[in-house]
K.L.:
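Can you keep this structure in mind? I'll have questions shortly.
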Number of protein chains: 2
Amino acid sequence: MAAGEIDHGSPTPVYRQIAALLIADIERGDLKVNRKIPSESDLVKRFGVARDTARNAVRHLREQGYVFTVPQRGTYVAQRPSTGGEAPDAAGPE
Amino acid sequence: MAAGEIDHGSPTPVYRQIAALLIADIERGDLKVNRKIPSESDLVKRFGVARDTARNAVRHLREQGYVFTVPQRGTYVAQRPSTGGEAPDAAGPE
DNA sequence: GGTTATTTGTTCGTATGTATC
DNA sequence: AGATACATACGAACAAATAAC
């Protein structure tokens, strides 16, 4: 199913389509604040795309402020003003 | 600074302008023999161009004999006849 | 303590499509 | 028609830090 969610023929870049799906997951609360989103490897498998494309999607989410990445650990859902999150904790995620 | 060094309105292609700047760095000794030059990614950031353009600049340098590229490693300043270098070593750079 | 697996970071190679000059 | 430039996408390989066992 997941792979079918991507339309390679669409004028919308694949990485944006993936980003949109992840944003939907976040807005829906499927992906919660300070919780990890799927790894690049997961996205590659789930959407059948190249890692480059998966990384582009995550980069896009980061630029939009939806997530933040901790090197060698993963990418986490950020506290968004619209979603109403607490102040950042020094302890960090997990 | 860096971005200002490129003139998109110039009749000289952007990739040649970048190549010229890198050659200047080499001639000046700012970039030394067998040392890495900035990665394509670096050039993209530094000059605000597409990767394609950065690659073209490096390709140009390679064709001129100024550098040589090791896949997945980087591009290095070559020993130039004019600069007086030894014969290539099998050990490679680094 | 040490080995392995995971995960992001980095780098070059290649190809396609579009737009501009 | 051709060269240049940008954006996108897939591939391949290795590094480095972290986590798991």
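First the proteins, then the strands, lettered A, B, ... as listed; each starts at 1.
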K.L.:
Can you check the A:Ile37 CD1 to C:dT8 C1' distance for me, whole Å?
P.N.:
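Rounding to the nearest Å, CD1 of A:Ile37 and C1' of C:dT8 are 12 Å apart.
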
K.L.:
Rounded to whole Å, please give me the gap between CG in B:Asn56 and P in C:dC12.
P.N.:
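In whole Å, C:dC12 P lies 14 Å from B:Asn56 CG.
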
K.L.:
Between B:Val49 and A:Val49, which residue's closest nucleotide on DNA chain D lies nearer the 5′ terminus?
P.N.:
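This one resolves to B:Val49.
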
K.L.:
Return the set of residues passing side chain to side chain contact (heavy atoms under 4.5 Å, CB included) with B:Leu31 (not counting sequence neighbours), or none when no residue passes.
P.N.:
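With sequence neighbours excluded, B:Leu31 shows a side chain to side chain contact (heavy atoms under 4.5 Å, CB included) to B:Leu22, B:Asp25, B:Ile26, B:Ile37, B:Pro38, B:Val77, given in chain and number order.
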
K.L.:
Side-chain N or O of A:Thr69 less than 4.0 angstrom from OP1 or OP2 on C:dT8?
P.N.:
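Answer no for this pair, as no side-chain N or O of A:Thr69 is under 4.0 Å from OP1 or OP2.
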
K.L.:
Got a sec, which pairs hit ring pair (Phe, Tyr, Trp, His ring centres under 6.0 Å) with one end in residues 7-44 of chain B, sequence neighbours left out?
P.N.:
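For residues 7-44 of chain B: B:Tyr15-B:His60.
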
K.L.:
Regarding C:dT8, can its base be found pairing with the side chain of A:Gln72 as donor and acceptor, where the two atoms are less than 3.5 Å apart?
P.N.:
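In this structure, the two groups form a donor-acceptor pair.
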
K.L.:
From C:dC12, D:dA19, D:dA7, pick the nucleotide closest to the side chain of B:Ala50?
P.N.:
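Side chain of B:Ala50 sits closest to D:dA7.
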
K.L.:
Which nucleotide in the list D:dC6, C:dG9, C:dT7 gets nearest to the side chain of A:Ser39?
P.N.:
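Nearest nucleotide to the side chain: C:dT7.
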
K.L.:
Give the B/S/- string for nucleotides 14-21 of chain C, one per nucleotide from 5' to 3', where a protein heavy atom under 4.0 Å of the base yields B, of only the sugar-phosphate yields S, and otherwise -.
P.N.:
B-------

K.L.:
Nearest whole angstrom, please: distance from the P of D:dC6 to the CZ of B:Phe47.
P.N.:
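Answer to the nearest Å: 12 Å.
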
K.L.:
Roughly, in whole Å, what's the span from CZ in B:Arg59 to C1' in D:dA5?
P.N.:
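Rounded to the whole Å, the gap is 13 Å.
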
K.L.:
In whole angstrom, give the distance that lies between atom CD of A:Glu40 and atom P of D:dA9.
P.N.:
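Computing the A:Glu40:CD to D:dA9:P distance gives 15 Å.
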
K.L.:
Could you tell me the separation between the CG atom of B:Leu43 and the C1' atom of C:dT10, rounded to a whole number of Å?
P.N.:
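Interatomic distance, CG of B:Leu43 to C1' of C:dT10: 14 Å.
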
K.L.:
Could you list by number each residue of residues 8-18 of chain B showing a heavy-atom separation from DNA chain D of less than 4.0 Å, or answer none if no residue does?
P.N.:
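Close to the strand are B:His8, B:Pro13, B:Val14, B:Tyr15.
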
K.L.:
Please enumerate all residues that pass salt bridge (Lys or Arg N to Asp or Glu O under 4.0 Å) together with B:Arg16, with sequence neighbours excluded.
P.N.:
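In terms of salt bridge (Lys or Arg N to Asp or Glu O under 4.0 Å), with neighbours along the sequence ignored, B:Arg16 is linked to no residue.
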
K.L.:
Applying a strict under-4.5 Å side-chain criterion to I, L, V, M, F, W and Y, I'd like to know whether B:Leu61 and B:Val44 cluster together.
P.N.:
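In one cluster with B:Leu61: B:Val44, no.
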
K.L.:
Considering only side-chain heavy atoms of B:Lys36, which listed nucleotide, C:dT11, C:dT7, D:dA5, is closest?
P.N.:
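Of all the options, the side chain of B:Lys36 is nearest to C:dT11.
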
K.L.:
Could you list the residues that satisfy side chain to side chain contact (heavy atoms under 4.5 Å, CB included) with A:Lys32, not counting sequence neighbours?
P.N.:
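Listed in chain order: A:Arg35.
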
K.L.:
Heavy-atom distance under 4.5 Å between the side chains of B:Ile6 and B:Leu21, does that happen here?
P.N.:
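SC-SC contact between B:Ile6 and B:Leu21 confirmed.
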
K.L.:
Can you tell me which residue pairs pass the ring pair (Phe, Tyr, Trp, His ring centres under 6.0 Å) test with a partner in residues 19-44 of chain A, sequence neighbours excluded?
P.N.:
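Checked against ring pair (Phe, Tyr, Trp, His ring centres under 6.0 Å) - neighbours excluded - no pair reaches residues 19-44 of chain A.
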
K.L.:
Check residues 67-75 of chain B and write down every donor-acceptor pair under 3.5 Å in which the side-chain atom is one partner and the other belongs to a residue at least two apart or another chain.
P.N.:
unit_1: B:Thr69; atom_1: OG1; unit_2: B:Arg62; atom_2: NH1; d: 2.6
unit_1: B:Thr69; atom_1: OG1; unit_2: B:Thr75; atom_2: OG1; d: 2.8

K.L.:
Kindly write out the residues that satisfy salt bridge (Lys or Arg N to Asp or Glu O under 4.0 Å) with A:Asp30, not counting sequence neighbours, or none if the list is empty.
P.N.:
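Only A:Arg28 meet the salt bridge (Lys or Arg N to Asp or Glu O under 4.0 Å) criterion with A:Asp30.
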
K.L.:
Quick one: is A:Arg73 getting a side-chain N or O under 4.0 Å of the D:dA17 phosphate, OP1 or OP2?
P.N.:
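Indeed not, no polar side-chain atom of A:Arg73 lies that close.
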
K.L.:
For B:Thr53 and D:dC6, is the shortest distance between a side-chain N/O and OP1 or OP2 below 4.0 Å?
P.N.:
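Checking D:dC6 against B:Thr53, a side-chain N or O does come within under 4.0 Å of OP1 or OP2.
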
